[in-house]
Number of protein chains: 2
Amino acid sequence: MSATKKSTLVLVAERAGVSIASVSRVMNGLPASDAIVERVQKAADELGYVPDATARSLKAGKTQQIALAVADAGNPVYVAMMHEISRVVTKAGYRLILSSTGSEPGDQIDLLTNLNRGFADGLVMSPLKVTDELVARIQASRLPIVVIGSLPGDVEIDNVRADSVRGVGLAVEHLVEQGRQRIAFVNGPVDTVPGAARLGGYLRALDEQGLPHNADAQVNARDFTYKAGLKAVTKLLDRSTPDSIVCANDLLAIAAIKVITARGLRVPEDIALVGMDDTDLAELANPSITSVNLGSVKRAKTAAKLLLRRLEDPDAPVRREVIQPTLTIRESTSSPARPAVDPAANPAARQAAGETAPATPEPTRNQKREPLL
Amino acid sequence: MSATKKSTLVLVAERAGVSIASVSRVMNGLPASDAIVERVQKAADELGYVPDATARSLKAGKTQQIALAVADAGNPVYVAMMHEISRVVTKAGYRLILSSTGSEPGDQIDLLTNLNRGFADGLVMSPLKVTDELVARIQASRLPIVVIGSLPGDVEIDNVRADSVRGVGLAVEHLVEQGRQRIAFVNGPVDTVPGAARLGGYLRALDEQGLPHNADAQVNARDFTYKAGLKAVTKLLDRSTPDSIVCANDLLAIAAIKVITARGLRVPEDIALVGMDDTDLAELANPSITSVNLGSVKRAKTAAKLLLRRLEDPDAPVRREVIQPTLTIRESTSSPARPAVDPAANPAARQAAGETAPATPEPTRNQKREPLL
DNA sequence: GCAGAGCGTGTAAACGTTTACGAGAACGTT
DNA sequence: AACGTTCTCGTAAACGTTTACACGCTCTGC
């Protein structure tokens with residue numbers, strides 16, 4: 001630890017024989033005579049001077065930092081979103097602060113008061129549960145906040161969400177096209193935003209396909225994890241015999257594969273499987289999992305850009321974006337004969353966007369309409 | 001965006017009719033008369049005052065922020081480490097800044113100069129490749145840095161590493177105990193720190209077990225990813241017929257499962273499989289993967305604690321820790337009859353620590369000895 | 001030769017805290 | 001009643017920048 005003493009503007013100014021203002025100007029590329037520039041450069045180099053970020057922040061009133069709050073940090077979909085946000089904000093010259101909060105709204109509210117300390121210029125958050133108080137606190141925040149995920153009603157908060165209802169619709173339609181009729185649903189907790197939305201989508205899709213609701217074919221895992229998925233799928237198969245399952249995320253789908261194969265059944269021959277989120281896991285699983293791509297990366301990118309936009313224009317109109325889902329078809333719903341695995345080209349994995357017949361009365365293309373749930 | 005104007009010490013002081021020093025004292029719980037405390041509390045509450053983090057940082061010379069630099073952000077093992085570090089430093093009152101750098105030493109060096117701007121109080125980094133210049137820059141840094149991963153020779157840098165050599169040894173020993181003789185090795189790039197160490201461990205383990213080296217049984221993936229793994233394993237199986245494979249991480253092992261089953265072979269009956277890192281993926285895979293636990297979470301935790309320790313005592317002696325590996329045995333090396341999957345208790349997954357007969361001449365318990373590679 | 005413009009540079013204030021210091025009040029001791 | 005001690009509180013300086021302002025110089029144009 002050869003701690004070379006920290007050098008400041010003053011030290012550089014003394015060594016160069018100029019004022020601190022001149023040093024500052026040179027460091028920031030503001031106009032200065034060649035003679036001064038040269039002397040300051042030299043002195044700064046010799047001292048290894050780099051301007052202090054904290055002092056700069058205090059003066060400027062900007063930290064060049066953005067905070068990211070995710071509730072369920074174990075879920076790969078949030079990891080992917082985090083990376084994307086990191087990419088976008090880094091490119092714009094911001095640092096990313098990771099604030100993994102608990103899943104309860106209280107934790108997020110704590111974070112919001114903390115935010116007022118001004119350690120970041122803005123916040124991207126993806127709350128699992130949304131309460132009125134949380135919404136109120138977000139609106140009352142002095143700093144710009146972008147929310148990933150659905151918000152109730154018409155609150156004026158920059159926000160970008162997935163169309164989960166349509167997403168589950170894509171999954172069910174696809175299964176029906178494959179000739180499946182007894183379509184079960186493994187959900188996470190329904191008191192979460194995604195849980196509620198996905199349940200709504202499932203019921204609506206059944207209606208649209210003219211399929212009956214069957215309480216035995218629905219089960220809610222305690223949370224969106226693999227472990228909870230094992231329990232839930234076991235329970236499901238103990239009480240019903242579906243020919244296919246839609247899982248509310250890829251972790252649950254992987255758990256389903258595990259339970260199904262352990263019972264000597266085959267995927268997709270005996271039970272076809274669709275996951276959601278289209279994370280890396282869906283590709284890695286064996287068999288690979290057909291998954292609803294809810295545009296997580298795109299949502300993350302959009303959210304980051306919305307925040308950057310608001311940072312440079314605080315008075316911009318509130319934007320509320322909806323990202324349309326697509327379906328990535330893989331082995332878990334493909335024809336019985338599994339294709340040989342060739343790393344160069346996996347013919348089973350392709351993007352099937354809104355190609356399937358639209359089942360909703362109104363087209364889902366209008367990104368500006370109100371949240372469906 | 002109901003931007004309540006930002007309130008400062010001065011405003012609170014005016015409203016309370018006291019000096020700013022008194023406000024500061026009350027906010028920090030320093031001794032003050034009851035009357036003053038009450039008036040300040042009231043004024044602060046009414047104004048919704050929270051002290052500004054930036055100003056505080058400038059005055060204190062501490063940001064209460066710690067930076068984390070990981071090269072390979074896609075690898076689940078780094079995600080797990082990140083979460084652990086986040087946990088530890090958050091509990092200690094620090095915020096975590098995520099700096100995903102590229103894998104090249106140049107990127108990390110950029111980060112180091114940036115660090116000198118003082119946006120964080122310290123850094124935890126896990127470089128994939130280590131050059132002399134990088135080491136020099138780390139040593140010259142004004143801020144404390146803890147390195148996760150092996151460093152050359154005896155450089156005086158706080159550091160915590162895994163004993164990869166022993167780790168691969170555990171894997172090979174286990175396979176031999178299961179009666180496997182033709183043990184192949186799927187590695188990542190050997191010009192990386194972990195790649196080099198794991199190759200060394202493999203060769204050494206073969207020697208210790210009296211098994212022949214066989215160039216056809218070794219293959220290096222282009223990087224430590226699933227995709228590269230598919231290619232590498234395909235190549236391996238095209239030119240040799242191992243009865244077991246050690247994979248340098250879990251992603252490569254999952255790729256191996258895919259390729260093996262696609263060829264109509266079974267895991268573990270035809271080819272047994274051992275992964276490394278013991279990430280969630282090993283548990284999720286089907287069959288689940290026996291994996292060498294290189295103590296990633298413990299390494300992360302130790303690194304974070306080392307940094308916190310140095311932050312409070314800059315003159316503490318340099319510490320260089322080695323975390324001992326363990327082996328988590330799962331289905332991919334278990335007896336042919338796969339156990340039924342019961343979420344409540346998975347009998348195949350258990351921790352097998354150093355229980356296997358030690359094969360190294362010297363016991364591996366001494367954590368202070370020089371790096372093996 | 002001088003007013004005005006234009007440029008380069010320095011002085012000093014400001015960002016919002018923390019804290020050393022000193023002034024005064026309150027209290028106890030002789 | 002005088003003195004020392006302790007306690008409370010306010011004044012002001014400091015952290016390392018950026019930048020408004022003013023000053024002095026050179027240059028142009030009459």
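Quick note on labels: first sequence line is chain A, next is B, and so on, each numbered from 1. What you are looking at is a predicted structure, and each value in this text was computed from that prediction instead of being measured.
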Take B:Thr54 and A:Ser57 through the test side-chain hydrogen bond (donor to acceptor under 3.5 Å, both in side chains) and record every step on the way to the result.
CA-CA 7 Å; B:Thr54 306; A:Ser57 294; 5.3 Å; no
Return whichever of A:Ala21 or B:Ala55 has its heavy-atom-nearest nucleotide of DNA chain D closer to the 5' end.
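Counting from the 5' end, the first nearest nucleotide belongs to B:Ala55.
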A:Ser22 or B:Asp34, whichever maps to the more 5' nucleotide of DNA chain D:
B:Asp34
Under 3.5 Å donor-acceptor, B:Asp158 side chain and B:Ile145 backbone
no
Exam field: side chain B:Asp121 to backbone B:Ile66, donor-acceptor pair closer than 3.5 Å:
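Side chain of B:Asp121 to backbone of B:Ile66, a donor-acceptor pair under 3.5 Å: no, none is there.
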Once you apply a heavy-atom cut-off of 4.0 Å, does [X] come out as touching a base, just sugar-phosphate, or nothing?
X       : result
B:Ala60 : nothing
B:Ser24 : base
B:Val10 : nothing
A:Ile20 : base

Could you state the interatomic distance from CG (B:Leu306) to CG (B:Leu311), rounded to the nearest 0.5 Å?
11.0 Å
Crowded around A:Asp132 CG? As in, over 12 foreign heavy atoms under 6.0 Å?
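No.
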Rounded to whole Å, how long is the line connecting atom CZ of A:Arg25 with atom P of D:dC21?
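These atoms are roughly 14 Å apart.
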Value in whole Å for how far the C1' atom of D:dT19 lies from CE of A:Met27:
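My rounded result for the distance is 17 Å.
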Less than 4.5 Å apart, any side-chain heavy atom of B:Ile138 and any of B:Met125?
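Yes. Closest side-chain heavy atoms under 4.5 Å.
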State, with a plain yes or no, whether a side-chain heavy atom of B:Val89 is found less than 4.5 Å away from one of B:Val124.
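Of all side-chain heavy-atom pairs linking B:Val124 with B:Val89, none is under 4.5 Å.
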Which heavy-atom pair separates B:Met27 from B:Ala44 by the least distance, and what is that distance?
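Closest pair (atom of B:Met27, atom of B:Ala44, distance): SD-CB, 4.4 Å.
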Bend angle of the helix from C:dG1-D:dC30 to C:dT30-D:dA1, end axes from five pairs each (to 10°)
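End axes: 50° apart.
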Need two values: the first and the last nucleotide of DNA chain C, 5' to 3', having an atom under 4.0 Å from any heavy-atom of chain B.
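Contact boundaries, 5' end first: C:dG16 to C:dT19.
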Output yes when B:Glu38 and B:Lys42 qualify as a salt bridge under the 4.0 Å nitrogen-oxygen rule, no when they do not.
no
